[in-house]
Number of protein chains: 2
Amino acid sequence: MHLRMDKGSPGWELWRTFDAVLREGSLSSAARALGLTQPTAGRHIAELEARLSTGALFTRSARGLQPTEAARVLAPHAATMAAAAAALVRTASAPADAAAGVVRISASEVIGAEVLPPIVTALHAAHPALTFELLLTNASSDLLRRDADLAIRMTQPRQQALLAKSVGSIRLGFYARRDYLARFPPIESAADLARHAVIGFDRDVTSLRSINAVWPDLPSFALRTDNQLAQIAAVRAGFGIGVVQEPIASRDSALVPVLRDTFTAHLPIWIVMHEDLRSTHRMRITFDALVEGMAAHVGASALQH
Amino acid sequence: MHLRMDKGSPGWELWRTFDAVLREGSLSSAARALGLTQPTAGRHIAELEARLSTGALFTRSARGLQPTEAARVLAPHAATMAAAAAALVRTASAPADAAAGVVRISASEVIGAEVLPPIVTALHAAHPALTFELLLTNASSDLLRRDADLAIRMTQPRQQALLAKSVGSIRLGFYARRDYLARFPPIESAADLARHAVIGFDRDVTSLRSINAVWPDLPSFALRTDNQLAQIAAVRAGFGIGVVQEPIASRDSALVPVLRDTFTAHLPIWIVMHEDLRSTHRMRITFDALVEGMAAHVGASALQH
DNA sequence: CCTTGTCCATGCGAAGATGCATAGCAGCCC
DNA sequence: GGGCTGCTATGCATCTTCGCATGGACAAGG
């Protein structure tokens with residue numbers, strides 16, 4: 001007779017489907033994501049709800065499961081577990097001493113689209129068995145929670161568990177296309193900007209605040225978007241004047257700096273990784289490549305200007 | 001026909017026994033810890049080894065499983081997963097809005113033995129359904145990794161994901177029992193200490209270094225131990241002169257400060273918790289109780305001297 | 001109004017995971 | 001050396017859990 005102790009902690013598999021249901025919003029969808037079937041996912045959730053002293057986790061409806069307060073409280077922990085599990089399979093994707101396997105890199109959208117591709121390409125050419133995952137988000141994801149292995153950060157990380165290296169800083173400036181500027185009166189002071197098409201942020205308070213620091217009386221924007229890639233694209237298309245990272249702008253000969261001496265800001269660049277990954281060769285390789293690549297990127301513009 | 005995809009990530013249960021085997025050092029012991037049997041634990045490890053591209057995880061021997069390099073690389077991630085799972089069951093130990101359930105507190109040994117008991121007692125008297133786990137270690141455990149819910153720290157935490165509150169600082173000073181001092185010539189300068197029985201650290205470099213900062217030419221210790229509780233006990237027993245936290249020393253009328261004006265140091269005290277726990281009532285209650293209790297503890301001695 | 005697509009719940013049979021029992025092996029102590 | 005105790009590996013019966021096939025409910029769209 002199997003007298004299974006039904007005391008004790010719930011099995012970790014249950015937490016896995018719990019996390020999937022939170023992420024996907026329905027049993028069916030979660031089951032698809034996990035390679036299970038909807039009935040099993042349902043049974044997992046039912047078993048969790050039966051075991052926990054916290055009451056129902058979801059309210060069932062015909063268009064999915066909606067998390068209750070109890071589930072929302074548990075959510076971040078489950079996410080942590082999922083991140084650790086993902087890190088586990090990533091780390092185990094190749095022997096620790098091989099230049100092979102998966103590396104997950106977190107960076108901003110702009111860096112990911114404009115700067116990272118050549119660096120990653122060169123690295124992949126040198127080590128074809130290395131594969132990459134890019135987590136491109138402006139909200140700096142948590143290295144300590146293992147959302148990524150490596151990160152390119154715009155601030156100095158303060159956690160001692162992290163291995164960080166500074167590679168200089170990127171200058172930010174206003175840019176516009178030469179032919180745009182030719183069509184309008186010259187810009188000689190900040191006040192002149194008021195009569196121009198300025199590209200800026202929409203509701204991203206963080207960026208708005210930092211812009212405001214260097215540009216206290218900002219004019220109304222003619223084009224608002226929080227997507228910085230779209231901002232750069234708009235500048236390139238000749239829409240008007242926008243903030244562009246200098247090393248990126250200087251690659252396009254059609255772009256001209258505007259009020260270069262009046263407005264200036266610098267983004268410090270740090271390459272960061274978790275200490276635990278130091279002994280994994282591919283992490284080390286990628287770390288070094290990022291350091292070198294970003295340093296070259298930062299330095300290149302310094303020479304051109 | 002069950003055509004189970006044997007691609008995909010390994011099940012989380014496998015990671016659970018992996019972690020247990022790392023912790024316990026053998027299949028049998030891990031199985032006992034998890035409520036499984038040794039054969040299943042063995043099969044779990046075997047399945048992991050078969051699926052991972054990393055080769056064998058353990059070398060079997062007659063006295064247990066020894067982790068290979070591959071397993072050592074994976075270990076911290078598995079530990080993170082385990083910590084998150086533990087946090088999960090802790091958080092689910094009671095409804096979020098109830099003054100009930102488990103709270104795990106991390107603190108130093110000294111705080112845990114000398115200061116925490118009355119605070120926790122009062123809190124438990126007020127909320128009998130609240131239960132506590134004390135993680136007493138001098139190596140500050142990782143709140144971000146959910147090793148604990150709350151922590152009493154001696155440094156200001158720098159992570160923005162943490163909710164921290166300062167409650168003042170504890171003064172450290174040299175103390176000895178009155179009758180010990182009576183048996184020896186009076187101490188009037190630092191040089192006099194050389195002829196006394198001084199209690200100090202053994203090989204704890206962190207503490208040695210911080211002591212050295214306030215006491216550059218420290219004499220040889222007559223009693224060395226890294227266990228600070230033992231140090232305090234030795235002072236209380238009249239062995240000689242040792243460093244004691246002032247609020248603790250001042251509770252014992254037999255203890256007298258030595259060279260109070262010459263040597264002094266302050267430990268800032270912070271109560272810290274993870275932001276995610278803010279919405280869990282028992283965490284909030286305990287946080288407030290710790291703030292209040294520690295503030296009273298710190299403040300009490302300030303009044304007495 | 002009916003059709004279609006989505007979702008969750010339930011019953012049933014089969015595959016797979018677990019436990020038990022056993023065998024084999026290495027160290028330790030008397 | 002023999003007995004004892006810890007460990008792992010393997011075979012087999014069994015129980016648990018899974019997937020499949022349904023059924024019912026709800027919302028969207030023609």
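Numbered from 1 within each chain, the chains take letters A, B, ... in sequence-line order.
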Between B/R203 and B/D226, is there a side-chain N and carboxylate O pair less than 4.0 Å apart? no
Interatomic distance where CG belongs to A/L14 and C1' belongs to D/dC18 [whole Å]: 13 Å
Taking only side-chain N and O atoms of B/T40, does any of them lie within less than 4.0 angstrom of OP1 or OP2 on C/dA17? no
Do any side-chain nitrogens or oxygens of B/T37 fall under 4.0 Å of OP1 or OP2 in C/dG19? yes
Measure CZ/A/F58 against P/C/dC7 and give the value in whole Å, please. 15 Å
Short side-chain N/O contact to C/dA17 OP1/OP2 from B/H44, under 4.0 Å: no
Using atom CD of B/E13 as one end and atom C1' of C/dG16 as the other, report the distance to the nearest whole Å. 15 Å
Got a second to check how far A/T17's OG1 is from A/L48's CG, nearest 0.5 Å? 6.5 Å
Atom CG of B/L36 and atom P of C/dG16: how far apart are they, to the nearest Å? 20 Å
Please determine if A/R43 and A/E13 form a salt bridge, counting it only when a charged side-chain N lies under 4.0 Å from a carboxylate O. no
Nucleic acid footprint by protein, nucleotides 5-13 of chain D - heavy-atom cut-off 4.0 Å, B for base, S for sugar-phosphate alone: --SBBBB--
Between the side chains of A/D147 and A/R104, is the shortest nitrogen-to-carboxylate-oxygen separation below 4.0 Å, so that they form an ion pair? no
A/E24 CD to C/dC8 C1', straight-line distance once rounded to whole Å: 16 Å
Steps toward salt bridge (Lys or Arg N to Asp or Glu O under 4.0 Å) verdict (B/D149, B/R282): CA-CA 11 Å; B/D149 299 317; B/R282 64 177 173 284; over 6 Å; no
To the closest 0.5 Å, what do you measure between CZ (A/R32) and CD (A/Q38)? 10.0 Å
